[in-house]
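Notes for the one structure printed next.
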Amino acid sequence: MNFIKSNLSKISVLLILVVIISCGRNKLPDNYYKVGETVYELKSGTIINKGAVDDGFNIDLRLYCENTQDFISFNFVSEQAESLASTTHSDFSGSWVVGYNSNGSYTNLGNITSGSLIINRSADGYQIEFDCIDQYSNNVVGEFKGNLGKVDENNLVHVLPDYVLPEEIYNTVNQYFPIYSGVTPPDMKGEYVSSPHALIYESYAENPDSLQFYSDRYVGFLYNNNQMNFYGKQFDSINNKYIEEIQYGVKITGENDYFTCYYVVDGYPGGYYAQQSFIFSGKKTAEGLEDFHAAVILLETSNNPSMYAKNSFRVLKDYDGIAEEENWLSKSGINAKKSSGKNNDLFDIWMK
C-alpha cells in the first residue's frame with residue numbers, strides 16, 4: 001500500500017511538472033504577433049503617413065520586433081495622420097515580413113487577406129489587437145500595448161482638414177484667421193519671431209475680440225527627409241520659464257507665397273485626454289512671414305472641468321504685420337529631447 005501511495009505521489013508531481021512546463025512553453029509575450037505556430041515578440045510601433053487621399057490619410061501602421069527586420073504592417077485610411085482613433089477596421093490590407101533588408105529584399109512575407117484590426121486609445125497609449133488570415137491560410141493574431149512613433153513621407157495636404165478646423169466653427173474662425181489651400185505652398189525653411197504677438201479673438205471670453213498682447217512667439221521651420229518640422233518657443237510669464245517644443249511632420253497647404261500649416265497635439269491635463277490643433281497662416285516674403293496669424297483650437301477635452309469647451313479657439317497675430325526673420329534657434333539650444341506630443345505645457349500656456 002505504501003508502495004502504491006509513493007508511486008501515485010511521484011506520478012502527481014510529474015503531471016504537475018508537465019503542466020507547468022507546457023504552460024511555460026505556451027506563454028505569449030505581452031506584445032506579439034503569431035503566424036501559425038510561430039511567435040514574434042513586438043517591441044515598438046510606428047504610424048507612417050504616406051500622404052493625403054480623398055477620405056483622409058493613407059496610413060501604414062507597423063509593429064516591429066526588436067531587430068526591426070521582422071514586423072507586421074496594416075494599411076488603411078485614417079481621418080488623422082498624427083494619431084489613430086479608437087475604432088475597428090475591417091477594410092484594410094496588411095502583411096507580415098521576416099528578414100527585411102534596406103535594399104527591399106526579405107526572407108519571407110505573407111499578405112493578409114481578411115480579418116479585423118481593433119485600435120483603442122487611452123491615457124496609457126494604444127491597445128491594438130488583430131485576428132487575421134494570410135494568403136497561406138495561416139491564422140495571424142496578436143496584440144500590442146504602448147505608444148506609437150510617427151513618420152511622414154509627405155507633409156503636403158490639399159486643404160485644411162476638418163479634424164484640424166471643425167466645420168461647425170470654420171466660418172467663425174475664418175473671420176479672424178486667413179485660410180489658404182493648394183498644392184504649391186512656399187518653402188517655409190527659416191526662423192521667425194512674431195513681435196508684438198497679440199491675441200485678437202478668444203471665443204470663450206466675455207469680450208471675445210478684446211485685444212491682449214503676449215510675449216514674443218518664436219517659430220522655425222526646417223526640412224528633413226521630406227518632412228517639415230516645427231520649432232517653437234514662448235515665454236510663460238506665469239511659471240517664469242520658456243516653453244520650447246519640436247513637432248515633426250508638420251502639414252502644409254497653400255499656393256505660391258501663401259501658406260497654412262498645422263500640427264495636432266495630444267495631452268492629458270488633469271488626467272483627462274485632450275487634443276488641440278495649432279494652425280499658422282500668412283505669406284512668405286524675403287523679410288519674413290507677412291500677415292502672420294496663429295490659431296489654437298481645442299478639439300477634444302473629455303469634459304475636463306478645468307478646460308474650456310470643445311471647439312473653443314483663440315486667434316493671435318503679429319500686430320505690426322510681419323513676423324520677421326530672426327536667428328533664434330541656435331541661441332536657444334532647443335533639442336529633440338524637448339519634443340513631446342503629450343506636452344501638457346502646451347495646453348497650459350496657450351489656452352488660458
Side-chain angles (χ1 to χ4, degrees), residues 82 150-152 154-157 160 164 177-180 182 184-200 213-237 239-265 276-296 314-341 343 345-350:
E82 299 82 4
K150 60 180 182 178
V151 172
D152 281 290
N154 191 332
N155 60 278
L156 184 65
V157 295
L160 192 63
V164 175
F177 181 85
I179 301 170
Y180 305 105
T184 59
D187 182 346
M188 294 297 295
K189 182 179 179 181
E191 304 164 40
Y192 315 93
V193 58
S194 176
S195 178
H197 193 58
L199 175 71
I200 61 171
F213 287 93
Y214 280 68
S215 57
D216 292 349
R217 179 76 155 104
Y218 295 87
V219 298
F221 300 92
L222 297 177
Y223 292 84
N224 184 35
N225 296 327
N226 295 322
Q227 287 192 109
M228 185 172 77
N229 302 326
F230 172 82
Y231 296 76
K233 184 176 80 167
Q234 190 170 18
F235 187 72
D236 180 355
S237 58
N239 295 306
N240 196 34
K241 66 175 183 178
Y242 275 101
I243 291 180
E244 299 177 336
E245 57 174 318
I246 304 174
Q247 301 293 333
Y248 298 105
V250 174
K251 312 298 183 301
I252 186 169
T253 183
E255 191 170 31
N256 300 322
D257 295 326
Y258 294 92
F259 68 91
T260 296
C261 58
Y262 69 88
Y263 59 90
V264 177
V265 173
Q276 63 185 353
S277 59
F278 291 81
I279 316 173
F280 306 102
S281 277
K283 179 183 180 182
K284 175 73 182 294
T285 70
E287 290 74 33
L289 306 179
E290 185 178 299
D291 197 29
F292 177 75
H293 281 68
V296 188
R314 319 174 85 200
V315 177
L316 304 99
K317 64 176 290 187
D318 187 298
Y319 203 65
D320 65 11
I322 187 165
E324 298 175 328
E325 288 191 346
E326 162 124 0
N327 184 22
W328 65 269
L329 267 172
S330 57
K331 298 175 185 176
S332 73
I334 191 170
N335 59 69
K337 292 180 180 178
K338 304 240 180 186
S339 172
S340 173
N343 191 340
D345 285 342
L346 299 182
F347 287 85
D348 293 338
I349 188 170
W350 290 303

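Keep in mind that what you see is a predicted model, and the values were worked out from it rather than measured.
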Residues in side-chain contact (heavy atoms from CB on, under 4.5 Å) contact with [X], at least two apart in sequence or another chain:
| X | answer |
| --- | --- |
| Glu287 | Thr285, Ile322 |
| Asn327 | Glu191, Ser330 |
| Asn256 | Thr184 |

With a 4.5 Å cut-off on side-chain heavy atoms, are [Y] and [X] touching?
| X | Y | answer |
| --- | --- | --- |
| Ser194 | Val219 | no |
| Val250 | Asn155 | no |
| Val264 | Gln276 | no |
| Glu324 | Asp318 | no |
| Ser277 | Tyr262 | no |

Looking at [X] and [Y], what are the two nearest heavy atoms and their distance?
| X | Y | value |
| --- | --- | --- |
| Tyr180 | Thr260 | N-OG1, 2.9 Å |
| His197 | Ser215 | CB-O, 3.5 Å |
| Gly182 | Leu156 | O-CD1, 4.4 Å |
| Gly288 | Glu325 | CA-CG, 4.1 Å |

Query raised in the report: Hey, are Glu245 and Arg217 close enough for a salt bridge, meaning a charged N less than 4.0 Å from a carboxylate O?
Result: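 So Glu245 pairs with Arg217 through a salt bridge.
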Suppose we screen for ring-ring contact (aromatic ring centres under 6.0 Å, His included). Which residues come up paired with [X], at least two apart in sequence or across chains?
| X | result |
| --- | --- |
| Tyr223 | none |
| Phe259 | none |
| Phe230 | Phe221, Tyr263, Phe280 |

Query raised in the report: Of all residues at least two apart in sequence or in a different chain, which pass the side chain to side chain donor-acceptor pair (under 3.5 Å) check with Thr253?
Result: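 In terms of side chain to side chain donor-acceptor pair (under 3.5 Å), with neighbours along the sequence ignored, Thr253 is linked to no residue.
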Requested in this report: Under the side chain to side chain donor-acceptor pair (under 3.5 Å) rule, collect the residues that match up with Asp216, sequence neighbours excluded.
Outcome: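 Residues passing side chain to side chain donor-acceptor pair (under 3.5 Å) with Asp216: Ser195.
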Query raised in the report: Can you list every salt bridge (Lys or Arg N to Asp or Glu O under 4.0 Å) pair that touches residues 251-264, not counting sequence neighbours?
Result: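 Checked against salt bridge (Lys or Arg N to Asp or Glu O under 4.0 Å) - neighbours excluded - the pairs reaching residues 251-264 are Glu82-Lys251, Asp152-Lys251.
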Query - Donor-acceptor under 3.5 Å (Asn229 side chain, Gly249 main chain) - result: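 Answer holds: yes.
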Query raised in the report: Measuring from Lys317:NZ to Leu199:CG, what's the distance to the nearest 0.5 Å?
Result: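 Output value for this atom pair is 12.0 Å.
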Query raised in the report: Taking the six-membered ring where the residue is Trp, are the ring centres of Tyr192 and Phe292 under 6.0 Å apart?
Result: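 No, they do not, as the ring centres are separated by 6.0 Å or more.
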Query raised in the report: For the ring pair (Phe, Tyr, Trp, His ring centres under 6.0 Å) test, which of Tyr231, Phe235, Trp328 pairs with Tyr218?
Result: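 Of the listed options, the one satisfying the test is Trp328.
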